[in-house]
Amino acid sequence: GAVVSQHPSWVICKSGTSVKIECRSLDFQATTMFWYRQFPKQSLMLMATSNEGSKATYEQGVEKDKFLINHASLTLSTLTVTSAHPEDSSFYICSARSDRGSYEQYFGPGTRLTVT
Amino acid sequence: GQSLEQPSEVTAVEGAIVQINCTYQTSGFYGLSWYQQHDGGAPTFLSYNALDGLEETGRFSSFLSRSDSYGYLLLQELQMKDSASYFCAVRAPPKSTDKLIFGTGTRLQVFP
């Protein structure tokens, strides 16, 4: 149990276009999901906390108009990178915290975004 | 600010024991977690300490000292498959969301 999926697993897009990444909790409900960005050989940087039915909470320095987050249901959160630029190329990982009360976060397999 | 410092790289041989340290400075603390991440993969949960002391889970143990803002992950009987990056992470306020702040990460290389 406690599986989180992400789609797509990798994507290449042209500069200036937008890309949507989906994060789904497959066998549990998650009121809260998180989005991280990871550059090569670096740590995971929390971008935002996604809450079902309400606005996301962004970490300091993360542009909310560039990284749009929608948590439309208890099993789905989406991250849209708008007007992508090459510097947005990174590994984007989501995680979900089960509503069953455990503190543990379950991570998705990640999405590798390359902007050309 | 918030920071979690780890050694950048550790090397060891199969069968050995290795300790990965983590010192943290965060505004609020509920517990320290450890995650393993293989290249290109997702982080996987290893261990969690909310209180001071040692937690043992098979070959992996984790220790926490809240007064010293310090913890470590101990890996015993190292295997080649343990070669990966290891991250400590602090559960940070607000408790309602339980967000994680990750450390700088330690790359472990296990040699035969």
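Proteins come first, then strands; the chains are lettered A, B, ... in the order of their sequence lines, and each starts at number 1.
Rounding to the nearest 0.5 Å gives a distance of 5.0 Å between CD1 of A:I93 and CD of B:Q37. One distance of note links CD1 of B:I101 with CG of A:L46; it measures 5.5 Å at 0.5 Å rounding.
Nearest heavy-atom pair across A:G108 and B:A42 is O-CB, 2.9 Å. In terms of heavy atoms, B:F87 sits closest to A:Q38 at CZ-NE2, 3.8 Å.
Heavy atoms of B:T104 lying under 4.5 Å from chain A belong exclusively to its backbone. In this structure, no portion of B:L4 lies under 4.5 Å from any heavy atom of chain A. For A:L44, the parts sitting under 4.5 Å from any heavy atom of chain B are the backbone and the side chain alike.
Taking the six-membered ring for Trp, B:F45 and A:F107 have ring centres at least 6.0 Å apart.
Linking ILVMFWY residues whenever their side-chain heavy atoms come closer than 4.5 Å, directly or via other members, places B:M80 and B:L46 in the same cluster. No path of Ile, Leu, Val, Met, Phe, Trp and Tyr side chains, each step under 4.5 Å between heavy atoms, connects B:L74 with B:Y48, placing them in separate hydrophobic clusters. With hydrophobic clusters built from ILVMFWY side chains whose heavy atoms lie under 4.5 angstrom apart, B:F63 does not share a cluster with B:L78. B:L73 is connected to B:L108 through a chain of hydrophobic side-chain contacts under 4.5 Å among Ile, Leu, Val, Met, Phe, Trp and Tyr, so both are in one cluster. Both B:V90 and B:Y86 are assigned to one and the same hydrophobic cluster, defined by single-linkage of ILVMFWY side chains at heavy-atom distances under 4.5 Å.
For residues 51-83 of chain A, a heavy-atom distance under 4.5 Å to chain B picks out A:N51, A:E59, given by residue number.
Counted within 6.0 Å of NE2 on A:H7, heavy atoms from surrounding residues, nucleotides or ligands total 12 or fewer; the atom is thus considered open.
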For residues 9-22 of chain B, dump all side-chain donor-acceptor pairs below 3.5 Å to protein atoms at least two apart in sequence or in another chain.
| from | atom 1 | to | atom 2 | distance (Å) |
| --- | --- | --- | --- | --- |
| B:E9 | OE2 | B:Q109 | NE2 | 2.5 |
| B:Q19 | NE2 | B:N21 | OD1 | 2.8 |
| B:Q19 | NE2 | B:Y70 | OH | 3.2 |
| B:N21 | OD1 | B:Y70 | OH | 2.9 |

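Looking at A:S43, its side chain never comes within 3.5 Å of a backbone N or O of B:G105 through a donor-acceptor pair.
A:Q105 places a side-chain heavy atom less than 4.5 Å from the side chain of B:Y35.
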